[in-house]
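Here's the structure we're looking at; comments come further down.
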Amino acid sequence: MVVIRLTNRGDGDCAWIWSPIELSDALSEEIESKAGPIKYIVSPNKIHNVFLKSFADRYPHAAVYAPPGLKQRKVAVGIRFDAFFGEGEPKPEFAEEIDTVIITGSCFMEEVEFFHKASKTAIICDLIQRHPESEMKGFKGLLMKFDGLVGDSGSTPRDWRMTFWPFGKAELRKKRDAIFDWDSENLIIAHGTCVRSGASDVIKKALYWI
């Protein structure tokens, strides 16, 4: 989970939540004390949704943003959605502070990537995975290494890469270039080691296959 304090708002600071984790009273109090009231809750792709409902139910005044493909899934039944990421949808209310790029072209899954402008931080979910090599042991470790998801050489899962063939690569390259244009200094990812400086080079290396 990522929490960002949004500050360029006429009605005061508020919290933006990415890919929520299990909610507790202690977590709720910490978020609100450090970042302000929760105003936005976002899911980056259709499979990162486990705790979305608990946050949406606890914060009925927060806007819940759905990525492409999530609303149609059975797991989304009962989740309140207030806005959607996708072609033809309005710009997010937080667009002044957080930019978005939607990874399209795959027949399996689309994913929304984010960029916090003030800190120059890219927030990427499954598109880039950099699992610590020290934790990749045994047969699972071999599979992860073969899949190109370990350490400094971490990239995109090969099975997801294949779903952009044969017609989605040109569209994907446009989205990749938009991410490169961010010139990110920092990188936060859902799976593996994040990057505190020089993230632009790390992102370019990870997305070489495109």
Side-chain angles (χ1 to χ4, degrees), residues 1-9 13-21 27 30-45 47-48 51-52 55 62-63 65 67 85 91-104 109-136 144 147-157 160-161 172-210:
M1 184 176 79
V2 173
V3 180
I4 293 178
R5 183 178 188 134
L6 301 181
T7 59
N8 295 333
R9 301 184 57 81
D13 295 355
C14 66
W16 178 92
I17 308 294
W18 175 86
S19 193
I21 60 174
L27 177 61
E30 183 178 10
I31 292 172
E32 295 194 47
S33 66
K34 293 182 178 180
I38 294 176
K39 186 73 178 284
Y40 303 105
I41 304 166
V42 306
S43 172
N45 63 40
I47 59 177
H48 274 250
F51 299 107
L52 197 61
F55 267 77
Y65 279 74
F85 297 110
K91 274 190 175 184
E93 293 181 1
F94 48 80
E96 183 178 341
E97 296 185 65
I98 300 175
D99 194 13
T100 56
V101 168
I102 303 175
I103 298 299
T104 55
M109 182 173 72
E110 298 180 353
E111 179 170 283
V112 188
E113 318 301 356
F114 301 89
F115 179 69
H116 183 233
K117 299 175 185 179
S119 64
K120 299 198 70 176
T121 300
I123 305 169
I124 293 177
C125 192
D126 293 334
L127 186 68
I128 297 176
Q129 301 186 27
R130 306 172 71 242
H131 298 272
E133 192 163 1
S134 60
E135 297 178 9
M136 295 297 103
M144 296 290 276
D147 210 13
L149 305 178
V150 178
D152 292 340
S153 299
S155 184
T156 308
W160 191 15
R161 297 185 200 183
L172 179 60
R173 289 189 186 100
K174 294 179 182 178
K175 303 306 177 73
R176 175 205 62 188
D177 291 345
I179 291 174
F180 288 173
D181 287 344
W182 285 342
D183 192 24
S184 304
E185 182 63 24
N186 310 292
L187 171 65
I188 295 175
I189 56 177
H191 306 286
T193 305
C194 299
V195 180
R196 287 190 172 271
S197 64
S200 181
D201 290 337
V202 173
I203 292 171
K204 289 177 180 178
K205 180 180 179 182
L207 301 182
Y208 73 93
W209 63 273
I210 301 174

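Values reported hereafter were calculated over all heavy atoms of this structure, with side chains retained and with hydrogens, waters and symmetry mates removed. Nothing here was measured: the structure is a model prediction, and the numbers come from that model.
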Nearest heavy atoms of [X] and [Y], plus distance in Å:
{"X": "L149", "Y": "S155", "answer": "CD2-O, 3.5 Å"}
{"X": "F115", "Y": "A122", "answer": "CD1-N, 3.9 Å"}
{"X": "I124", "Y": "L127", "answer": "CG2-CB, 3.7 Å"}
{"X": "P44", "Y": "S19", "answer": "CD-CB, 4.0 Å"}
{"X": "P132", "Y": "T193", "answer": "CG-OG1, 3.9 Å"}
{"X": "N186", "Y": "A199", "answer": "C-CB, 3.4 Å"}

| query | Run the side chain to side chain donor-acceptor pair (under 3.5 Å) check on D126 and W160 step by step: do they pass? | reply | CA-CA 9 Å; D126 293 334; W160 191 15; over 6 Å; no
| task | Using the side chain to side chain contact (heavy atoms under 4.5 Å, CB included) rule, take F51 and I41 through it: C-alpha gap first, then chi angles, then the decisive distance, then the call. | result | CA-CA 11 Å; F51 299 107; I41 304 166; over 6 Å; no
| request: Give every residue pair that meets the side chain to side chain donor-acceptor pair (under 3.5 Å) criterion with at least one member in residues 194-210, sequence neighbours excluded. | output: T156-W209
Between [atom1] on residue [X] and [atom2] on residue [Y], distance to nearest 0.5 Å:
{"X": "T104", "Y": "M109", "atom1": "OG1", "atom2": "CE", "answer": "13.0 Å"}
{"X": "Q129", "Y": "D147", "atom1": "CD", "atom2": "CG", "answer": "8.0 Å"}
{"X": "I203", "Y": "I189", "atom1": "CD1", "atom2": "CD1", "answer": "10.0 Å"}
{"X": "D13", "Y": "K39", "atom1": "CG", "atom2": "NZ", "answer": "11.5 Å"}
{"X": "S119", "Y": "I188", "atom1": "OG", "atom2": "CD1", "answer": "7.0 Å"}
{"X": "W16", "Y": "Y65", "atom1": "CH2", "atom2": "OH", "answer": "11.0 Å"}

| message | With side chain to side chain contact (heavy atoms under 4.5 Å, CB included) as the criterion, how do E30 and V3 come out once you've worked through the C-alpha distance, each side chain's angles and the decisive distance to 0.1 Å? | response | CA-CA 11 Å; E30 183 178 10; V3 180; over 6 Å; no
Any donor-acceptor pair under 3.5 Å linking the side chain of [X] with the backbone of [Y]?
{"X": "K175", "Y": "I103", "value": "no"}
{"X": "R5", "Y": "K34", "value": "yes"}
{"X": "S43", "Y": "H48", "value": "yes"}
{"X": "E97", "Y": "T7", "value": "yes"}
{"X": "R130", "Y": "G192", "value": "no"}

| field | Derivation of the side chain to side chain contact (heavy atoms under 4.5 Å, CB included) call for E113 and W182 | value | CA-CA 11 Å; E113 318 301 356; W182 285 342; 4.0 Å; yes
Tell me whether the count of non-hydrogen atoms from other residues, nucleotides or ligands lying under 6.0 Å of [atom1] in [X] goes above 12.
{"X": "D181", "atom1": "CG", "result": "yes"}
{"X": "K174", "atom1": "NZ", "result": "no"}
{"X": "E133", "atom1": "CD", "result": "no"}

| said: Any salt bridge linking K120 with D183? Criterion: basic side-chain nitrogen under 4.0 Å from a carboxylate oxygen. | reply: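 Salt bridge between K120 and D183, a charged N being under 4.0 Å from a carboxylate O: yes.
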| query | Do F55 and M1 come within less than 4.5 Å of each other through their side chains, counting heavy atoms only? | reply |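 Yes, side chains in contact.
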| message | Can you confirm whether I128 sits close enough to V202 that some side-chain heavy atom of one is under 4.5 Å from a side-chain heavy atom of the other? | response | no
| field | Under the ring-ring contact (aromatic ring centres under 6.0 Å, His included) test, residues paired with Y40 that sit two or more places apart | value |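 With sequence neighbours excluded, Y40 shows a ring-ring contact (aromatic ring centres under 6.0 Å, His included) to F94, given in chain and number order.
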| field | Residues I4, F114; criterion side chain to side chain contact (heavy atoms under 4.5 Å, CB included); working and verdict | value | CA-CA 11 Å; I4 293 178; F114 301 89; over 6 Å; no
